[in-house]
Amino acid sequence: MPYKLLFVCLGNICRSPAAENIMNHLIEQSELNGSIICDSAGTSSYHIGSPPDRRMSVAAAQKLGIKMCGRARQFQKSDFQDFDLILAMDRENYENILYLDPSRQYHDKVRLMCDFCSQHTLKEVPDPYYGDSEGFNQVIELLVDACEGLLNHVSNQKTVF
Ligand code: 4NP
């Protein structure tokens with residue numbers, strides 16, 4: 001059974017699709033295709049069906065040479081069962097996810113993305129939506145750090161492979 005990761009932000013057009021696409025890039029480089037499966041979602045319904053924000057696609061192409069795939073969807077309660085680990089980009093996303101799990105049954109599956117950073121000290125992935133291209137570039141750098149840590153974390157879980 002593959003290990004399933006879900007990345008979550010507010011709109012599912014900037015941060016979480018970037019995390020998903022960066023993670024898939026690292027998974028391919030590590031030849032772990034099929035062992036770890038990634039998806040992303042937004043806590044809001046604002047952008048359902050939309051492709052990743054162009055500014056994030058440009059930043060990902062320029063900094064990493066990768067294409068951004070996917071269409072926005074909203075986080076749903078069934079995601080708690082369907083995924084092994086749910087990565088929230090910021091504290092507000094984290095709270096909004098856990099609000100849908102009042103019994104706290106899935107509490108341990110939900111983590112903040114920046115918990116997996118080793119090079120950066122920021123505790124949240126900043127929302128770049130109303131900022132400039134520099135903000136998008138910073139998000140990419142932060143997510144590469146977090147995704148590398150996450151890949152180590154998942155690889156070290158004996159049950160996975
Ligand atoms: P994301 O960025 O949560 O990283 O996808 C945002 C996208 C859209 C909005 C806010 C943040 N919005 O307010 O529409």
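Here Leu122 contributes atom CG and Leu112 contributes atom CG; the two are 12.0 Å apart, rounded to the nearest 0.5 Å. Ser50 contributes atom OG, which lies 14.5 Å from atom CZ of Arg73 (distance to the nearest 0.5 angstrom). Rounding to the nearest 0.5 angstrom, the gap separating the CD1 atom in Ile97 from the CZ atom in Arg111 is 13.0 Å. For the atom pair CE of Met68 and CD1 of Ile22, the computed distance is 7.5 Å after rounding to the nearest 0.5 Å. We find the CG-OG distance between Asn21 and Ser16 to be 10.0 Å, quoted to the nearest 0.5 Å. Expressed to the nearest 0.5 Å, how far CZ of Arg91 lies from CD of Glu95 amounts to 8.5 Å.
No more than 12 heavy atoms of other residues, nucleotides or ligands sit less than 6.0 Å from atom NZ of Lys123. Other residues, nucleotides and ligands contribute only 12 or fewer heavy atoms inside 6.0 Å of the CD atom of Glu31.
Val110 is not connected to Tyr3 by any chain of hydrophobic side-chain contacts under 4.5 Å among Ile, Leu, Val, Met, Phe, Trp and Tyr, and they are in different clusters. Linking ILVMFWY side-chain heavy atoms closer than 4.5 Å, directly or via other members, places Phe136 and Leu64 in a single hydrophobic cluster. Cluster membership for Leu87 and Met23, using ILVMFWY side-chain heavy atoms within less than 4.5 angstrom, is shared. If you chain together hydrophobic residues whose side chains sit under 4.5 Å apart, Leu5 and Val125 fall into the same group. Taken together through direct or relayed side-chain contacts under 4.5 Å among Ile, Leu, Val, Met, Phe, Trp and Tyr, Ile37 and Phe116 form parts of separate hydrophobic clusters.
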### Query
Would Val58 and Ser133 count as a side-chain contact (heavy atoms from CB on, under 4.5 Å) if you check the C-alpha gap in whole Å, the side-chain angles of each, and the deciding distance to 0.1 Å?
CA-CA 9 Å; Val58 167; Ser133 62; over 6 Å; no
### Task
Decide side-chain contact (heavy atoms from CB on, under 4.5 Å) for Leu85 and Leu150; before the verdict, give the C-alpha distance in whole Å, the side-chain angles of both, and the deciding distance to 0.1 Å.
CA-CA 10 Å; Leu85 200 55; Leu150 184 59; 3.8 Å; yes
### Task
Determine, stepwise, if the pair Asp101 / Lys109 fulfils salt bridge (charged side-chain N to carboxylate O under 4.0 Å, His left out).
CA-CA 11 Å; Asp101 175 34; Lys109 281 193 180 186; over 6 Å; no
### Task
In sequence, state the C-alpha distance, the side-chain angles, and the governing distance for Met56 and Ile13, and then conclude on side-chain contact (heavy atoms from CB on, under 4.5 Å).
CA-CA 8 Å; Met56 192 54 96; Ile13 54 169; over 6 Å; no
### Audit row: Phe7, Asp39, side-chain contact (heavy atoms from CB on, under 4.5 Å) steps and yes/no
CA-CA 6 Å; Phe7 300 97; Asp39 192 9; over 6 Å; no
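In this structure, the side chains of Ser30 and Leu151 come closer than 4.5 Å at one or more pairs of heavy atoms. Looking at heavy atoms from C-beta onward, Met89 lies out of side-chain contact with Val8 at the 4.5 angstrom threshold. Residues Tyr94 and Glu124 have side chains not in contact (no heavy-atom distance under 4.5 Å, counting atoms from C-beta outward).
Ring-plane geometry between Phe80 and Tyr106 is classed as parallel, the angle between the planes falling under 30 degrees on a 0 to 90 degree scale with a further cut at 60.
A side-chain N or O of Asn93 and one of Asp90 form a donor-acceptor pair less than 3.5 Å apart.
When atom types are taken as modelled, the side chain of Asn137 and the backbone of Ile140 share no donor-acceptor pair closer than 3.5 angstrom. For Ser44 (side chain) and Leu10 (main-chain N/O), a donor-acceptor pair under 3.5 Å exists by modelled atom type. Without hydrogens or angle criteria, Asn96 side chain to Thr43 main chain gives no donor-acceptor distance under 3.5 Å. Between the side chain of Asp145 and the backbone N or O of Cys117 there is no donor-acceptor pair closer than 3.5 Å. Looking at Asp79, its side chain does come within 3.5 Å of a backbone N or O of Gln76 through a donor-acceptor pair.
Minimum interatomic distance between Asn12 and Gly42 (heavy atoms only, all atoms of both residues): CB-N, 3.3 Å. The minimum heavy-atom distance between Cys38 and Ile27, with the atom names listed, is SG-CD1, 3.6 Å. Residues Gly70 and Pro52 come closest through the heavy atom pair O-CD, 3.2 Å. Closest approach of Val139 to Pro126, counting heavy atoms only: CG2-O, 3.5 Å. Nearest heavy-atom pair across Ser155 and Leu32 is OG-CD1, 4.2 Å. Nearest heavy atom pair, residue Arg71 against residue Gly49, reads CD-O, 3.0 Å.
Geometrically, Arg15 does not engage Tyr129 in a cation-pi contact defined by less than 6.0 Å to the ring centre and at most 45° from the axis.
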